[in-house]
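The structure appears right after this line, and notes come after that.
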Amino acid sequence: MPSVILATMARPFWVIMLAASVYILLRGHNEPGGGFVGGLMAAAAFAMLAFANGVDAARRALYFHPVVLVGAGVLAAIVSGIPGLFTTGSFLTHLWPEVAGIKLGTTILFDIGVYLVVLGGVLCLILRLYEDDDE
Amino acid sequence: MQLLTVLIVALGAAACARPLAPVLGRMTGVVLALVPFALFVYFLSQLGAVAGGNALIETLSWAPSLGVDIGFRLDGFSLLFALLITGIGTLVVIYAGAYYAEKPASEGGRFIAFILMFMTAMLGTVLADDLIVMFVFWEATSLISFALIGFDARTYEARRAALQSLLVTGGGGLALFAGILLIGAELGTFSFSEVALRADELVASPLMPAILVLVLVGAFTKSAQVPFQFWLPNAMAAPTPASAYLHSATMVKLGVYLLARFDEIFASVPAFGTTLVIAGSLTMLVAAFEALRATGYKAVLAQSTVASLGILVMLIGLDGEVARVATIGFIIAHAFYKAALFFCAGTVIHATGIAGLRRLGGLARFLPFTAAAAVLASLSMAGLPPFAGFIAKEFLFEAQLESGWSVVPIAIAVIVNAVMVAVAGVVALKPFFVKPERDVKLKHGETAGMLAGPFVLALGGIAMGIAPNTMMRSLVEPAASALGGERVDVSISLWHGLTPMLALSAAVVTIGALVFFNWRTIHVTLRRQRLIHDLFGDRGYQKVLDFVLDMAQASTRFLQNGDQHRYTAVVLASAVFIVAFGVIVGSGMSGFSAVGEMNVPVLIVLAVAVVGGFAAVGSRSLIAAVVAVGIVGFAAAIIFMLNGAPDLALTQFSAEVLLVLILTAVLMRIPTSREQSRTIGERRFDLMLSVAFGIVIFVGVASMTSSPLDMRLSEFFAQSSYVDAFGRNVVNVILVDYRAIDTLGEIAVVGFAAIGVWALLRRLPARKKGS
């Protein structure tokens, strides 16, 4: 059903969209972006792949089961809050340790968690819906 | 923090049980039993610490803003329970290891994990000093009981019984929780020790009747008192080791435990004791009647357990030192002989696969040691000397004679105890010695692991009967002192002359023997009597449950009738109503003011959006309609961008793309051209509703934008975001830092919803072919 052009360009597009989504995720703390938008964008990337090359291709590209991504995301967000528990005595108080001159906050782990939950959650829906009945 | 460590160790063992089971193989039960045994030894070493009414107290701050501390308290009474829980727990784990020896290791491991988890919850309940902490553990025991009754989840009976016990005990738990909250509201503390000290204040409070009723409901449901007693016999669907542990020796005594604890506080409320004596006596009678009617091995034992719980509740209702000593003595004696008998029943059912008493017989040849243990335990149950049960029964009668009650409770106690004698005879003699010629095919024999439990308990029953003073001084005295608040001195011997109690005991044994020899006739006659059975059975429960389910079904049919038009109409109409109501009744409109210049780029975008809107309405193809709605969304995103909200715009773009992708996927599954299924009238209504919705939204937005905006929050975040949280993107900083816990909750909800959708959209194999 999909056109040859779409099928051929799906891969490069997928790479570009995924890269963009990660870029948006990482710059989110200071510029427009963040885990939620990044996750939506990454989900769109996989949805396009599923649309063009079939659900199986998208599943293979995803490698992990979407439900696993959801769980890993929630776990990452919870874990990001734990260091705060031991320093200031409050869950989810984010810390900013400096590693090799770059300030690496626990916020980024939290945002990655959001990213994974959104990606996995949306894909739960999309991959199921794009599956063919006779599969 | 010894007591906290105890709980952590027990929970740790529960966590290890399942992964260790395949490694340990047949040794699973014995190795894992070392943990409860170690805890048992620890509690034994604490006997000296609680002697003379002392207590070990530990407090950890938990939620100070709510006045809840993790408080633990080990006094004589909780130590007694802790010893029973860990001691019998050790035997149950060993027994369960042998019971599941032929099954896959995972099953036995899972079962033992539940048992150890239950042990943790049980220890937490009896050790807790804070009422909230106690309630948490209390509910945990209900939940684990649910899992254990439904352990064999493939059978309908097990699932039904599990749900029933959960609804009854969990519901009672909620009542108890309400009672605890009222106590906290009245006294400003949840600490049990403090509540006990300020009992006068509590009793004088106007909330007292409510508290009393709520606590009683909690205790009666847990300890299976009339009218909630029906769940316990049904709970026999659980695997027998669980029945021995939860539904005879420990969990069902929690209600008794709670009542005994509150006895000191409620002592000056006359209704408390009276209610307990009446409820306990009634429970005894109903259970005795049902025990004579019951046909299953475990069912008979279960009914006698209900009767014993009735005796305990009645004893707590009686005042005085003797009643307290009798309560504690009976708890110990009952835990020993009933757990032993359940073990024997488990071995018989495991070996033969037959659960009905009538079809069992002549097993002494095949299971000689089990038969011996059953006889020893049942002699204690029958209350014959020199067993612990005899002493417990003497105290029971003494407490009754000393109390100011009429002869009615005594008569009831004599009858019920006589039935217990008969039951003891039936469960010990019928399966093993009656019809010795009967040939039975055995699936399994008795193994050492299955004999350890019943023998230790049965011999323990004799030891306590022969040397009663050791038990009295080390266990009963501290426990009774802890309950009464004053030091109790008990000294007894097996023989104390020709007393009225002895006469009553003799009457009990004589009547019991008569009942035993006429068991068949009585059994058959009573089976024809359905009135009491129907009156006290679970019919009421079933009616209530059916009613609730019918209500749920009716309301679902009304609200979720499957017509998307209707859902949308309800949502839109409610929105219109609420906004219109707010605009008219509330602050009113502040008037529209179109200030500023004409913004040409915005106008162009809006024009595109309007075109998209018309296209969506006019389009015949659903896919085209979706794309047209997407145009409106993109226009909105561009307007966000033009107004300096790039984050919002970005999100809106992504969401729009995904919405179109998802809707397309859905629409690919249904006919693409719209068929007109709505009548003209319905469509006119839809039109009116849409127009009203549009107007209301327009009015709302217009009046919102023309009222002055409060900029304080925006300014705060703009100023502090980089200083506090090292981020310049305020939206993102709020999401991941200032309000991170909200975001965590939101992504958890998104995750759960997604998993739910994932499961719901799963194609079933059967439907594959059809579509």
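Letters A, B, ... are given to chains in the order of the sequence lines, protein chains preceding strands, and every chain is numbered from 1.
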So do the side chains of [X] and [Y] get within less than 4.5 Å of each other, counting heavy atoms only?
X         : Y         : value
Phe36(A)  : Glu746(B) : no
Thr743(B) : Phe110(A) : yes
Val757(B) : Cys124(A) : no

Indicate the atoms forming the closest heavy-atom contact of [X] with [Y], along with that distance.
X         : Y         : answer
Trp758(B) : Arg128(A) : O-NE, 3.0 Å
Ser654(B) : Val37(A)  : OG-CG1, 3.7 Å
Ala77(A)  : Leu744(B) : CB-CD1, 3.5 Å
Leu661(B) : Ala47(A)  : CD1-CB, 3.6 Å

Examine whether an atom of [X] lies under 4.5 Å from a heavy atom of chain B, and if so say whether it belongs to the side chain, the backbone or both; otherwise answer neither.
X         : value
Val122(A) : side chain
Val70(A)  : side chain
Ile126(A) : side chain

Look at atom [atom1] of [X] and say whether more than 12 heavy atoms of other residues, nucleotides or ligands are closer to it than 6.0 Å.
X         : atom1 : result
Leu559(B) : CG    : yes
Phe640(B) : CZ    : yes
Phe64(A)  : CZ    : no

Response to the item:
In this structure, CG of Leu116(A) is separated from CD1 of Ile747(B) (nearest 0.5 Å) by 9.0 Å
Discussion item. Return the CG to CG distance between Leu663(B) and Leu129(A), rounded to the nearest 0.5 Å.
Written reply: 9.5 Å
Can I get a per-line list of side-chain donor-acceptor pairs under 3.5 Å for residues 641-651 of chain B, giving both atom names and the distance, sequence neighbours left out?
unit_1: Asn643(B); atom_1: ND2; unit_2: Ile639(B); atom_2: O; d: 3.0
unit_1: Asp647(B); atom_1: OD1; unit_2: Gly33(A); atom_2: N; d: 3.0
unit_1: Asp647(B); atom_1: OD2; unit_2: Asn729(B); atom_2: ND2; d: 2.9
unit_1: Thr651(B); atom_1: OG1; unit_2: Asp647(B); atom_2: O; d: 2.8

Worksheet item: Taking only residues two or more places apart in sequence or in another chain, which ones pass side chain to side chain donor-acceptor pair (under 3.5 Å) with Thr5(B)?
Response: none
Fill in: Working for side chain to side chain contact (heavy atoms under 4.5 Å, CB included), residues Leu40(A) and Val657(B)
CA-CA 9 Å; Leu40(A) 285 179; Val657(B) 169; over 6 Å; no
